[in-house]
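To start, the structure under review is shown below, and the notes come after it.
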Amino acid sequence: MFQLNPHSGVPIYRQLCEQVRRMIAGGQLPAGAALPSVRDLAIEHAVNPMTISKAYSLLEAEGLLERHRGRPMTVASRPRLQAGPSQRLNALNSELDRLVLAARQLDLTPTEVIKALREKWEAADAGIRRRTGSR
Amino acid sequence: MQAYVVARDLGKSFGPKCVLRDLDFTVEPGDVVGVLGKNGAGKTTLLEIMLGFSPASHGRVSVFGQESFALSAASKVRIGFVPQQDELLAPLTARDQVATVAAFYPNWDAPLIERLCNAWELDLDERIQSMSVGQRQKLSILLAMGHRPDLLVLDEPVASLDPIARRRFLEQIVEVTAEADRAVVFSSHIVSDVERLASRIWIVQDGALRWQGGLDALKESVVRIRIRNAGAAEALPFRALHVTRSAGHLSAVVDDWSEARHAALCSQFGEAIEVEPLSLEDIFLALHR
């Protein structure tokens, strides 16, 4: 379900936070969906359980996850909107930097990249519609 | 809850040779401490003195609130230790070796050992003298876990294990650490294992702790920065390690990175800065170059 790479310079809890945030934004984790338990995820990836619970606690503090007594954590029913569009766009900054650098190295124009980006976007939309059956 | 291990100003000399100095550290319940260091940095001596196998030359260290060198039997049964060189009895079968050790511990968890023997593919009827180094290492680890110690200390536990056995070992340590009142201290050269498991890192360098703290904090405070088109005369506004310049680009490792540093760089160099996070292995290498 998640891809955790202990070798990366990015701390594991951040990788997990990032992926859960994206999966909520992308609809793969709809409201009410249960997350794997700390213990299961720790054993599956052979990482320290505290790393996983740290990520879950951060996401809970952000209002994205809800904790329940004796049951798995779930995606919050109405995730609090944490930030405006410009702030959310900010979170993409490093990915955009990488994309621009790679595109320049390949000698591509902005128009070509934006066209490709739009096609990817539409493919992802179609994927979400298939999975959730919504519009 | 009280810290399991407390060391203050700890040092050790063999004759005129100082092998450990100025060590201050604690191990709290729930900690998983990964101890990294070059060969000969002092990792093994540190673990041995911590557990009281030999007296400190300087300072003090206590385990469960007692001076390590004078631990009571009641404290010793709360410790599990896997030495770098195993202390198995060659003529015995694995089963007899397990029974010999189990006899010392009233709380021996026989079902756990049986389960682990199966999972780790250890044949209890094999004689230790005919076992491979890896099999002996597995047995040695099992023997340190059977009494469910509160403090598990392992010196290079996986050096001879194949990747599958290493993974089983890691999973077992995850199980141990899922119980909040237990702590693990392990040294290893396999940095990726340390990266998976450790909540805290001790980097031992020339007998001193070069760095200690949370793994995440370490990764967030040691980074590589690259600055495109930095003028040859332009200097960084703070001290950095391994500053190199090639074709107008500047690259450096910063070992006390912070938002304030980032802001200082941005105001000097504008958009031309890249901050690259480093893996634990890269950090270890950078601190040793």
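So you know, we letter chains A, B, ... as the sequences are listed, proteins then strands, and number each from 1. These numbers were taken from a predicted model, which means no experiment stands behind them.
Rounded to the nearest 0.5 angstrom, Glu179(B) CD and Arg39(A) CZ are separated by 8.0 Å. Here the OG atom belonging to Ser8(A) is positioned 11.5 Å from the CG atom belonging to Leu280(B), to the nearest 0.5 angstrom. Atom-to-atom distance recorded for Asn48(A):CG and Arg196(B):CZ is 12.0 Å, nearest 0.5 angstrom. Rounded to the nearest 0.5 angstrom, Thr51(A) OG1 and Leu197(B) CG are separated by 9.0 Å. One distance of note links OG of Ser279(B) with NE2 of His7(A); it measures 7.0 Å at 0.5 Å rounding.
Here the closest non-hydrogen pair linking Ile12(A) and Glu195(B) is CD1-O, 3.9 Å.
Side-chain atoms of Pro49(A) and Val174(B), non-hydrogen and from C-beta on, do get closer than 4.5 Å to each other.
The 12-atom threshold is exceeded at NE2 of His249(B), counting heavy atoms of other residues, nucleotides or ligands nearer than 6.0 Å. Within 6.0 Å of atom CD in Glu18(A), more than 12 heavy atoms from other residues, nucleotides or ligands are found, so the atom counts as buried in its surroundings. For Asn93(A), the CG atom is densely surrounded, since the number of other residues' heavy atoms within 6.0 Å is greater than 12. Under a cut-off of 6.0 angstrom, the local environment of CD in Glu259(B) is sparse, with at most 12 non-hydrogen atoms contributed by other residues, nucleotides or ligands. Heavy atoms from other residues, nucleotides or ligands lying under 6.0 Å from CG of Leu106(A) number more than 12.
Neither the backbone nor the side chain of Arg224(B) comes within contact range of chain A; no heavy atom of the residue lies under 4.5 Å from a heavy atom of that chain.
Taking Val191(B), Leu170(B), Leu278(B), Leu218(B) one by one and counting their heavy-atom pairs under 4.5 Å with chain A, the maximum is reached by Leu278(B). Interface summary for chain A: among Glu171(B), Lys219(B), Glu175(B), Glu276(B), the most heavy-atom pairs under 4.5 angstrom belong to Lys219(B).
In this structure, Asp216(B) does not pair ionically with Arg14(A), as no charged nitrogen and carboxylate oxygen lie closer than 4.0 Å.
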